[in-house]
Number of protein chains: 2
Amino acid sequence: MTQAWDKTLRARGYRVTPQRQLVLAAVTKLEHATPEEIWADVQQTASGVNISTIYRALELLEQLGLVTHTHLGHGAPSYHLAADAEHVHLVCSECGRITEVPPEAVAPLVSALERNHGFQTDVGHLTVFGRCESCQADAPASGPGPTA
Amino acid sequence: MTQAWDKTLRARGYRVTPQRQLVLAAVTKLEHATPEEIWADVQQTASGVNISTIYRALELLEQLGLVTHTHLGHGAPSYHLAADAEHVHLVCSECGRITEVPPEAVAPLVSALERNHGFQTDVGHLTVFGRCESCQADAPASGPGPTA
DNA sequence: TTTAGTGCAAACACTTTGCAAAGTA
DNA sequence: TACTTTGCAAAGTGTTTGCACTAAA
């Protein structure tokens, strides 16, 4: 079922174009990348592709459930294959480092929210900000209180 | 200690200006608001204040640890008082509804991440995307698979 | 008076849109 | 051929920056 997606496209009246194939290939290869990174990757094969095409392709692929995105901070969103094992991102606010952890890590959260708030968590979209292990080691808890 | 913040400012060589006071007041009052919403509120008192001043004030207040922000989706970030009880935001991807839940709800997650990944979660910055109770009721689980 | 802060306008980063030309089915 | 998709360029958000002027200390 590696190539099933093009049938999905055609079945819904969409066309299979090289641009869309390249975008999907880039998302697959880069694992998590911003539209611009995807664009750069696509351009290595087809240099004429426009960034707006990347956005349109991502929107379509997302709508078809082939890819998803997460916000890993302030800037551009990060896209990855929906088929990839879902995972949660831990983003270190200090060094920017991104760690992926398996969804089991958040299972207790998911069930607690479901149970207490009737909320169905989109685990693949979850990003947790904080401080990573090494940054804590570098500067043990300081908090934002008055320094001096 | 309601007004302690102006001492904090002066102690660090920053000045206490009406603009900053108004921004802090707006953040306090609005609970969670985007820079533009804060701007609108500030303008009700001082119509001449420029949006760039809002951004600069927010940056400063955040740096001082008086306010924090979270990303409640794609658009602009949402600011709130750091002193406010920390809370987690649940954002419904379908209707956009925002629910606040107490940090206890995510305590199991926090300790699991700490334990297994040495990661120190910034709870106040945490936003969970998913589907709220009422949207689930409206359209029971459909997933993005082929519809027909 | 001295130095930080503000308003203004221009520059930026990221994304979306209109439209004619090109390409898929 | 018929209709979708693309490239291009321009317009849109949201945010930042340079600089002369204003104001806090």
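Lettering follows sequence order; numbering is per chain, from 1.
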key: Nucleotide D:dT6, atom P - distance to CG of A:Leu22 in whole Å   = 11 Å
Separation of atom CD1 in B:Ile51 from atom C1' in D:dT13, rounded to whole Å = 12 Å
ask   = Whole Å only: how far is the CZ atom of A:Arg56 from the P atom of C:dC19?
value = 13 Å
Would you mind writing out the side-chain donor-acceptor pairs for residues 51-59 of chain B within the sub-3.5 Å range, not counting sequence neighbours?
| unit_1 | atom_1 | unit_2 | atom_2 | d |
| --- | --- | --- | --- | --- |
| B:Ser52 | OG | B:Asn50 | OD1 | 2.9 |
| B:Ser52 | OG | B:Arg56 | NH2 | 3.3 |

query = For the atom pair CZ (A:Arg131) and CD (A:Gln136), what is the distance rounded to the nearest 0.5 Å?
reply = 5.5 Å
ask   = Contacts to DNA chain D from residues 32-41 of chain B, heavy-atom cutoff under 4.0 Å, which residues?
value = B:Pro35, B:Glu36
inquiry  = Just N and O in the side chain of A:Tyr55: are any of them under 4.0 Å from OP1 or OP2 of C:dT15?
reply    = yes
task = Would you list the pairs meeting salt bridge (charged side-chain N to carboxylate O under 4.0 Å, His left out) in which at least one residue belongs to residues 66-83 of chain A, sequence neighbours left out?
result = none
inquiry  = Rounding to an integer number of Å, can you tell me how far A:Leu9 CG sits from D:dT4 C1'?
reply    = 11 Å
request  = Compare side-chain N and O positions of B:Arg20 against OP1 and OP2 of C:dG5 and report whether any pair is under 4.0 Å apart.
outcome  = yes
request  = Would you work out how much the helix from C:dT1-D:dA25 to C:dA25-D:dT1 bends between its ends, with each end axis defined by five base pairs, to 10 degrees?
outcome  = 30°
task = Using a heavy-atom cut-off of under 4.0 Å over every strand shown, decide if A:Gly75 touches base, sugar-phosphate, or nothing.
result = nothing
message = Using the rule side-chain contact (heavy atoms from CB on, under 4.5 Å), only one of B:Val123, B:Asp122, B:Leu126 pairs with B:Val110; which is it?
response = B:Val123
task = State which residues pass ring pair (Phe, Tyr, Trp, His ring centres under 6.0 Å) with B:Tyr79; sequence neighbours excluded, sorted by chain then number.
result = B:His69
query = On DNA chain D, nearest-nucleotide positions of A:Ser52 versus B:Pro77: which is more 5'?
reply = A:Ser52
note = Across all chains, not counting sequence neighbours, the side-chain contact (heavy atoms from CB on, under 4.5 Å) partners of A:Thr45 are A:Leu22
task = Please state how far atom NE2 in A:His71 lies from atom P in C:dC14, giving the value in whole angstrom units.
result = 13 Å
request  = Taking side-chain contact (heavy atoms from CB on, under 4.5 Å) as the test, write out the residues that go with B:Leu81, two or more places apart.
outcome  = B:Leu24, B:Val27, B:Thr28, B:Val67, B:Asp84
remark   = Applying side-chain contact (heavy atoms from CB on, under 4.5 Å) to B:Thr70 and not counting sequence neighbours gives B:Leu72, B:His80, B:His89, B:His125, B:Thr127
note = In short, salt bridge (charged side-chain N to carboxylate O under 4.0 Å, His left out) pairs touching residues 21-36 of chain B with sequence neighbours left out are B:Lys29-B:Asp41
task = Would you please name every residue forming a side-chain contact (heavy atoms from CB on, under 4.5 Å) with B:Ser93, sequence neighbours left out?
result = B:Phe129
query = Does a donor on one side chain sit under 3.5 Å from an acceptor on the other, for B:His32 and B:Glu100?
reply = yes
inquiry  = Distance check needed: C:dT16 C1' versus A:Asn50 CG, whole Å only.
reply    = 12 Å
task = Output yes when at least one side-chain N/O atom of B:Gln19 is less than 4.0 Å from OP1 or OP2 of D:dA23, else no.
result = no
note = Rounded to whole Å, CD of A:Gln21 lies from P of D:dT6 at a distance of 11 Å
task = Output all residues satisfying salt bridge (Lys or Arg N to Asp or Glu O under 4.0 Å) with A:Arg15, sequence neighbours left out; order by chain, then residue number.
result = none
Atom-to-atom span, CD1 of B:Ile54 to P of D:dG14 - whole angstrom = 15 Å
key: D:dG7 phosphate, OP1 or OP2, under 4.0 Å from A:Thr53 side-chain N/O   = yes
key: Sequence-aligned protein contact record of nucleotides 20-25 of chain C, with B where the base is within under 4.0 Å of a protein heavy atom and S where only the sugar-phosphate is   = ---BBS
